[in-house]
Amino acid sequence: MLGDSLTAGLGLPPNEAYPALLGVRLREEGYDWEVVNAGVSGDTSGDGRQRVGWALEGDVRILIVALGANDGLRGLPVGQMKENLQIIIDRARQRGIPVLLAGMEAPPNYGDQYTKEYREVFSDLARRNKVEFVPFLLEGVAGDPRLNQPDGLHPTGAGAAHIADHLWPTVEKMLKK
Amino acid sequence: MIELRGVSKTVKSGDQQLTILHPIDLLVPSGQRMAIVGPSGSGKSTLLGLIAGLDAPTTGSILVDSTDITRLGEDDLARLRGAKIGFVFQSFHLIPSLTAQENVLVPMEIAGRRDAAVRARALLAEVGLADRGHHYPSQLSGGEQQRVAIARALSNEPVIVLADEPTGNLDSSTGHQVIQLLLGINQARGTTLVVVTHDTEIASMADARISLKDGRVVPGI
Amino acid sequence: MRFVVLTAIRETRAAWTRLVFFFVCIAIGVGAIVALRSIIQSVRQVLSTEAKTLIAADILLSTDRPWQPGTPELIAARVSAVPGAQRIASTELPTMARPAEESAGKGGVARVVELRAVQPGFPFYGQLTLQDGRPYSHDLLKDKGALVRPELLAQLGLRVGDRVAIGKAQFTIRGVISNEPGRSLSAFSLGPRVLIDDQELSDTGLLTFGSRVVRQELLRVPESAIDALARDLQSKLQPQFVRVRSYRDRQEQIGEDFERAENYLSLVGLVIVVLGGIAVSSVTRVFVRQKIKSIAIMKCVGGTSRQIFAVYLLQALALGVLGSVIGVALAAIAIAVIPADMNQIGTITVTYGLTRSAVAQGVGIGTLVALLFAMVPLLEVRRVKPSLLLRHETSGRRFDWLQWIAAALVGAALVRLATWQAASLVVGLSVCAGFIGLTVILYLAGMALTWMTRPLTRSSWFPMRQAVLHLRRPGNQTSVILLTVGLGAFFIMGVRGLQVGLLNQFAMQIGEETPDLFLVDIQKDQVDPLRVFLADRLPGTEANLLPVLRARVTGRGVSFEEMEDLKGRGMLSREYTITYRGGLEPNETLVAGRFPNPGEVSIEESIRQRFNISIGDVMRFDVLGRSVNATVTGVRHVEWRDGRSGGFMFVFGAGTFESAPHWFIAPVKANTANAADRARLTHDLVVRFPNVSVIDLREILQAVRKVFGVVTVAIDVVGTLVILTGGLILVGAVAVTKFQRVYEAAIFKTLGASSRTMAAMLMVEYGLLGTLAGAIGSFGALALGWGVSRYALDIPWRPALHENVISTVVTSLLIMTIGVVASADVLRRKPLATLRAE
């Protein structure tokens, strides 16, 4: 799972981050898979692009890409983000690894134009590359004070569970293939 | 009047008890001049110090003007001395930081007398030092210092004047002047005078004499 | 009473020359306190203004969530309950700005800006300055006006007068901000500042659900109400995730250092008081000894102990007051001669002047210290027996409960005084405890010295034999000199050590070399081009590009006993920024083991201590999603304050992660302070290396530097004062004990001792005392330095052993010299004069 602090589980014990919860779910459901949390706090799509090769070494069967939140928070150019994510998807494809792309929303303070362009990056990429797609990683979690840590950005344990549940159907679909 | 009953003084010297003064009874009537004579270390000065309440006896009681001073505390003793006893030392013991006149003033100021300044001048004139009141002790000769000391001893009009070898540190002619002064005062004011002395001249002029040797009274000269 | 007053006057007149020292000690002590306090107060005033400027208010409330219903009303109610309090709201958010007209500037380019919307009245403190020198007024923002930082103009290719689009609204650029107070200290900048009117913020349509917005309330509150209001709001608003900071807040680094400096200065003021007190005490002790005969005479002619005690206490009081007044005069002179260049620190001007409260404090403390420290030795007056006029006897040393009670009282008063001056009970208590502890040690040392030198009494060298005998004779000065000199050396060295520590720290933190630009997210293939770029744009600066990776510790030990165990150790399993390289950086020292080879790791001291990891342990890291095992080969100490080479908890051997994806950071010192130049540099950097983020710390550093500049001056001034006072007290301690040897000297001379022999004798005696006192004092100072650094000031402590050795030697030489020089007239004087005077 390639991601940022949301994936890394910033502010949470390692076993409460959503990738760890997915791992538990996998075992519970009888899949003998291991989830490798390659989330790095503060990573932008550019950082992800840099290290995708490193992360894909080893026996990787599915790549979940959950990047872009930091690009959005910092208002980085969306074109750049799109390019970076495309390269990540390409790298995985070259190795024959199926990709799950998790989308993000930019905070509305950057204005409608930015948030719209930002949102379209993910749907465009998913459509163009025909990869599995979850439009918004934080669906139902973002903006809910009960599911977020005091910084209002990072999910709590409960929030992470929410995310894991949200991703699960798509993950399960991919496992079955 | 001074009365001593069974007064003795023992001090600790190392591990030993050293008796400086063996029990002694003594009566000095008012107005009397008494000489205490004896060799060095015979206990003369100790005896005088006990009478002045400068030291406490080991046994016995001392009555000064019918007050038992052995029952008094340090501060009451000081007050009694201030009011009733004048003391003249062998080595004068003026306060070096004060002028002659101020030295004379000290007892009167302690007693809170209002006429202190006037009296101090008068007393200095009486001892012949009217013009030296502003000198410091170090600027005065031995005889002059002793005369200041006498003026100081008289300042509160004491009923008793005690003198410890008053001429011991003076040459003979100065010593003579000092003795004359002391005796004159005794006569003029009717004070009791007790003098510890080696000086046969003083001893001979006294009304009564006692001789001490090794802390005991011995038959007189 | 008349007697007491008159005698006190006469005694003072007569002993004038000897008492000069008494009131000089008080005068210097008081002078130091008054000058110090005045400086502290002047500086503090400036510092508070500066600190207020840093947040532009007295109290700043901020939250990154929308206000909960009722919260603004609650704040309004609390603020209006304080008379004279004002508040303004401000909103900050990062957003996108683009030129409004496609034709103007670089059309279509959007840039991230930090938008701040303010109400009229902003800022409460400090000045918002515009580049063209016009004064800032809120009117500039009315009707869709905006003020922007020069970088934005450069980035968007706009000019003043152009319009900029933010969200759904457009704003006319009315001016260029050159300096903005209250620019957040802790947050790194995402982009240039744009300032607009708070009322027009809603027009942008950016304040919707999910917006990342920081809402602030700036409060201006009368000084006396700040703490209470801040605490009150804190307790009310904390559950709502509102951060409450007052300008004094300790959370700010600057606040911490400010407090630290203040504590330090108070502590030094206290030290000076104690030094003065020691001097007074020893002078009084000697004075009483000299006065024993006079006291006996007064007792003989009717003076009671109480009256005589009153005489000398009155004298001490008079001298205390006189000394204090002279001290105030000294302080006034000292402050008047503070060089003019010290007044101007950076852009702020400090006007030094005597403050009324400093004068009152100084005189009060001076008088009190004179009385307190004179009291214990003066109580000996009570023990003087008039009978000593008949016999030459020394009053026996008996246990005097009153003197002990008085000493305890003085001790208590001292603790109280210390607590007051240092504004901390802990500091007050620990200084007094140190003081008392050292007194006991010095006292014991004095006994040990006389005991240990016993064999020397059989020395064949006459001066040695006599000197040692002097140390042992009844009524000797051994303990007096040991105490005074020892404590003096103790405080001087202690203060010096702390001063050096503090100043080092400041220098490190604010040195001109401190990098002020941080380039982050540099990619591997950009390292060389960036180096070339920096060499070209910033000639003379060697860019230090550090490779960095993120890693998480996932296990320790060969068997990986494990996550459970590690979790127990809390923070270890958090993410760390790591690096790899071939050797130590200048801000690192090797504490144990060796520098790692490729594939091995070196840990920072604090990691070892906190998590009990030792050399030889194998640690498992999760580096970017891959497990890496590395053997710990060494432990480093990192000087965190020195930011030039960064600071890393884990450093791997050279090349360890060469193949791993990673990027670089570069702390750079830009050699220009001009905002526009810096903006151009940043702009060019970003154009050339679009993914590189530039964090400009110059303004923050500048503000911090100014504050530290002021503090450094204050510390220097008081350090000098302490040494001056201490030196004087050393001189005095020796000089006042001189009278004790006058008589013996005369006798020795009569018996045929030459001046040279006598001088040798004095040198040995004082040399022994000086060495012992100096050694105990300066090594005691090590303990003081350690304790105070660690517990009171919270700064790293490094012993400077060579300084202690030097100071011991200097002390003993000084004491020796003073001892001989102070006794020179004794040696010269004809013996007969001395003997006769006695």
Side-chain angles (χ1 to χ4, degrees), chain A residues 1-3 5 7-15 19 35-58 60 72-78 80 84 105-115 117 138 142-143 145 148-153, chain C residues 63-66 68 92-98 109-113 115 165-169 190-191 204-213 240-241 520-521 523-525 549-552 554 563 566-567 570 573-575 577 622-627 657 659-663 690-691 693:
Chain A
M1 304 198 60
L2 197 59
S5 56
T7 305
L10 186 85
L12 292 177
N15 58 348
V35 175
V36 178
N37 185 344
V40 174
S41 295
D43 260 17
T44 60
S45 59
D47 299 320
R49 166 188 158 185
Q50 286 282 310
R51 64 189 173 90
V52 64
W54 167 272
L56 289 177
E57 274 174 39
V60 178
L73 279 177
R74 283 157 61 174
L76 296 178
V78 288
Q80 206 180 307
N84 291 331
E105 291 277 351
N109 45 284
Y110 288 111
D112 290 344
Q113 191 177 344
Y114 184 80
T115 44
E117 288 171 4
L138 299 179
N148 284 290
Q149 297 177 33
D151 64 7
L153 280 177
Chain C
T63 179
D64 53 11
R65 307 181 163 206
Q68 288 190 8
E92 272 190 81
L93 62 155
T95 187
M96 290 289 171
R98 54 171 62 83
V109 189
R111 287 286 168 175
V112 180
V113 294
L115 185 67
I166 297 169
K168 296 193 178 85
L190 288 172
T204 61
L206 299 176
L207 298 181
T208 57
F209 176 78
S211 283
R212 307 291 309 156
V213 174
Q240 305 181 11
F241 306 104
V520 301
D521 291 353
Q523 295 187 355
K524 227 188 288 183
D525 52 1
L549 298 87
R550 303 286 288 176
R552 204 196 315 252
T554 53
M563 289 308 288
L566 279 169
K567 242 187 287 172
S573 58
R574 78 170 168 87
E575 274 195 336
T577 301
D622 177 342
V623 182
L624 305 171
R626 225 208 249 177
S627 270
F657 297 109
S659 65
H662 59 267
W663 49 100
N691 60 301
S693 299

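Proteins come first, then strands; the chains are lettered A, B, ... in the order of their sequence lines, and each starts at number 1. Note that the structure is a prediction, hence the values are computed from the model and not measured.
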Audit row: C/Val112, A/Tyr110, side-chain contact (heavy atoms from CB on, under 4.5 Å) steps and yes/no: CA-CA 8 Å; C/Val112 180; A/Tyr110 288 111; 3.9 Å; yes

So NZ of C/Lys168 and CD of A/Gln113: to nearest 0.5 Å the spacing works out to 12.0 Å

So C/Leu206 and A/Pro108, do their side chains get closer than 4.5 Å, heavy atoms only? no

Identify, with sequence neighbours excluded, every residue that meets salt bridge (Lys or Arg N to Asp or Glu O under 4.0 Å) alongside A/Glu105. A/Arg119

Counting only N and O atoms by type, is there a donor-acceptor contact under 3.5 Å from the side chain of A/Asn109 to the main-chain atoms of C/Pro94? yes

How long is the straight-line distance from OG1 of A/Thr115 back to CE of C/Met96, given to the nearest 0.5 Å? 10.0 Å

All side-chain contact (heavy atoms from CB on, under 4.5 Å) counterparts of A/Leu56, not counting sequence neighbours: A/Val52, A/Val60, A/Leu63, A/Arg91, A/Ala92, A/Arg95, A/Ile97

